[in-house]
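Contents: one structure, followed by commentary.
The chains referred to below are lettered A, B, ... by the order of the sequence lines, with proteins before strands, and numbering in each begins at 1. Keep in mind that what you see is a predicted model, and the values were worked out from it rather than measured.
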2 protein chains.
Amino acid sequence: MSDTFAIGELGRATDTKVETVRYYERIGLLSQPRRTSGNYRAYDRGHLNRLSFIRRSRDLGFSLDQVRALLDLADQRDRPCEAVDEIARGHLAEVERKIADLEALRDELRGMVRQCGHGSVRDCRIIEALSPGDALAAAPG
Amino acid sequence: MSDTFAIGELGRATDTKVETVRYYERIGLLSQPRRTSGNYRAYDRGHLNRLSFIRRSRDLGFSLDQVRALLDLADQRDRPCEAVDEIARGHLAEVERKIADLEALRDELRGMVRQCGHGSVRDCRIIEALSPGDALAAAPG
DNA sequence: GCTTGACCCTGTAGTTGCTACAGGGTCTAT
DNA sequence: ATAGACCCTGTAGCAACTACAGGGTCAAGC
């Protein structure tokens, strides 16, 4: 096996649909690979790493714009660190906020699932937990 | 104040944009309310409860399809609640996976910020941290 | 050397879950 | 009667894909 990959191989290696790979290229997130004589895209290991990074970041809830910023950050290894440090700190704060949000969500879901008595929907605590509280459910007066 | 609400009131009560309320109606998630003589939507407390349920579920990260399923289940009071439990469990598993991934990223960013106080970012490992394991990152042979 | 089938190409339109107009109608108050 | 806040329908836009349609390429097998 050579050092280049067709788009399908790249897709399988990164769990990305072929159309999505082309989409990333179209919006400039993934650089244009060289083409074979038959006009097929020929990717190298750099593309593979970059795409892996993109996919994982997306999975973690970063927007494409944020992924772009992260990639720039990773690319500017020669630059003095200060400008980059700020971006990194910003991302760190955001990641920490995201973790906190998800943990709160997880706790709620855990509470729901734990309380589920496996009875009928009538007694289902999950549904109950999702239903509005007193302030909205009951009319005053 | 009467027992019915205009769309704007409903929106304010549930922190939902008016356009979003109409959107939920259009896709059949919220039933059509009766109309006033002037063709204004007139919602009742049932709509308010249902919309609250939808918004809360959305807030907890359930997709509209999942919300639809939950609503259907909530309506079938005699059915066993296993299906509800399954939706919640599936969602919980997803949330837990995301937290674990974000924690890995957080640790990387923390290390980076700590390391990166002065000098260059040469040792930045964020790409590596988010890149796939050996199977993909290193070519065999 | 010709076909079959897996793969690739471009381009465009659809999806989800909203959100934002445009171009109007209604209602309440002054 | 006129201003302003609200409502109506309809359509188009957004992010981030995803799914075609209508073709071209290429290795394998007969």
Side-chain angles (χ1 to χ4, degrees), chain A residues 1-2 4-44 47-48 50-71 94 98, chain B residues 1-2 4-44 47-48 50-71 87 91 94 98:
Chain A
M1 194 153 282
S2 81
T4 68
F5 322 91
I7 196 168
E9 294 174 283
L10 193 74
R12 275 188 298 278
T14 57
D15 199 21
T16 311
K17 299 233 155 77
V18 163
E19 289 94 339
T20 306
V21 178
R22 286 195 284 247
Y23 169 72
Y24 288 158
E25 181 183 320
R26 204 161 62 242
I27 64 169
L29 208 59
L30 202 57
S31 67
Q32 294 185 351
R34 63 171 201 79
R35 299 292 183 116
T36 67
S37 54
N39 201 31
Y40 283 21
R41 287 169 180 83
Y43 294 98
D44 60 26
H47 287 106
L48 178 56
R50 204 167 173 97
L51 181 55
S52 300
F53 179 86
I54 294 168
R55 295 302 285 175
R56 194 133 158 69
S57 303
R58 290 289 303 127
D59 203 46
L60 294 178
F62 291 101
S63 71
L64 286 184
D65 269 2
Q66 289 172 320
V67 174
R68 214 185 293 268
L70 281 171
L71 282 169
E94 206 194 320
K98 236 171 225 172
Chain B
M1 195 155 281
S2 81
T4 68
F5 322 92
I7 195 167
E9 293 175 284
L10 192 74
R12 275 188 296 279
T14 56
D15 198 23
T16 311
K17 297 230 157 77
V18 163
E19 288 95 338
T20 305
V21 178
R22 286 196 284 248
Y23 169 72
Y24 288 158
E25 180 183 320
R26 205 161 63 241
I27 63 169
L29 210 58
L30 201 57
S31 68
Q32 295 184 351
R34 63 170 201 78
R35 298 292 184 116
T36 67
S37 54
N39 201 32
Y40 283 21
R41 286 169 180 82
Y43 293 98
D44 61 24
H47 289 105
L48 179 56
R50 201 160 175 102
L51 181 55
S52 301
F53 184 97
I54 294 168
R55 295 301 284 176
R56 178 143 167 72
S57 302
R58 290 288 300 131
D59 222 46
L60 291 176
F62 291 100
S63 71
L64 286 184
D65 266 3
Q66 287 174 319
V67 175
R68 210 187 295 268
L70 286 171
L71 281 168
I87 293 173
H91 188 46
E94 205 177 304
K98 271 180 186 159

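Side-chain contact between A:Tyr23 and A:Leu64 is present, with at least one heavy-atom pair separated by less than 4.5 Å. Taking the side chain as every heavy atom from C-beta outward, A:Arg55 and A:Tyr24 approach each other to under 4.5 Å. A:Glu9 has its side chain out of reach of A:Leu48: every pair of non-hydrogen atoms, C-beta onward, lies at least 4.5 Å apart. Side-chain contact check for A:Leu10 versus A:Thr16: every heavy-atom pair is 4.5 Å or farther apart.
Atom CZ of A:Arg34 and atom P of C:dC9 are 13 Å apart (whole Å). Atom CD in B:Gln32 sits about 18 Å away from atom P in D:dC7, given to the nearest Å. Atom OH of A:Tyr43 and atom P of C:dC7 are 16 Å apart (whole Å). Between the CG atom of A:Asp15 and the P atom of D:dT18 there is a distance of 10 Å, given to the nearest Å. In this structure, CD1 of A:Ile27 is placed 13 Å from P of D:dT18, rounded to the nearest angstrom. The CZ-P distance, from A:Phe5 to C:dC7, rounds to 17 Å in whole Å. In this structure, CG of A:Leu10 is placed 11 Å from P of C:dC9, rounded to the nearest angstrom. As a whole-Å value, the separation of B:Tyr40 OH from D:dT9 P is 11 Å.
Here B:Arg41 reaches the OP1 or OP2 of D:dT9: one of its side-chain N or O atoms lies under 4.0 Å away. Taking side-chain N and O atoms only, B:Arg22 has no distance below 4.0 Å to OP1 or OP2 of C:dA20.
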Taking only N/O atoms, report every protein-nucleotides 12-19 of chain C pair under 3.5 Å with atom names and distance.
from, atom 1, to, atom 2, distance (Å)
C:dG17, OP1, B:Leu64, N, 3.3
C:dG17, O3', B:Arg58, NH2, 3.2
C:dC18, OP2, B:Tyr24, OH, 3.0
C:dC18, OP2, B:Arg58, NE, 2.6
C:dC18, OP2, B:Arg58, NH2, 3.4
C:dT19, OP2, B:Thr20, OG1, 3.1

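Residues forming a salt bridge (charged side-chain N to carboxylate O under 4.0 Å, His left out) with A:Arg41 (at least two apart in sequence, or on another chain): A:Glu25.
Counting heavy atoms of neighbouring residues, nucleotides and ligands inside a 6.0 Å radius, atom CG of A:Asp44 exceeds 12 of them.
If B:Arg12 and B:Arg35 are placed on DNA chain D by their nearest nucleotide, the residue sitting closer to the 5' end is B:Arg12.
Note on the helix from C:dG1-D:dC30 to C:dT30-D:dA1: terminal axis deviation equals 20°, with five pairs used at each end and the result rounded to 10°.
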Original post:
Can B:Val18 and B:Arg22 be said to form a side-chain contact (heavy atoms from CB on, under 4.5 Å), step by step?
Top reply: CA-CA 6 Å; B:Val18 163; B:Arg22 286 196 284 248; 3.5 Å; yes

Original post:
Is there a side-chain contact (heavy atoms from CB on, under 4.5 Å) between A:Tyr43 and A:Leu51 once you walk through the steps?
Top reply: CA-CA 11 Å; A:Tyr43 294 98; A:Leu51 181 55; over 6 Å; no

**OP:** Check step by step if side-chain contact (heavy atoms from CB on, under 4.5 Å) holds for B:His47 and B:Thr14.
**Re:** CA-CA 11 Å; B:His47 289 105; B:Thr14 56; over 6 Å; no

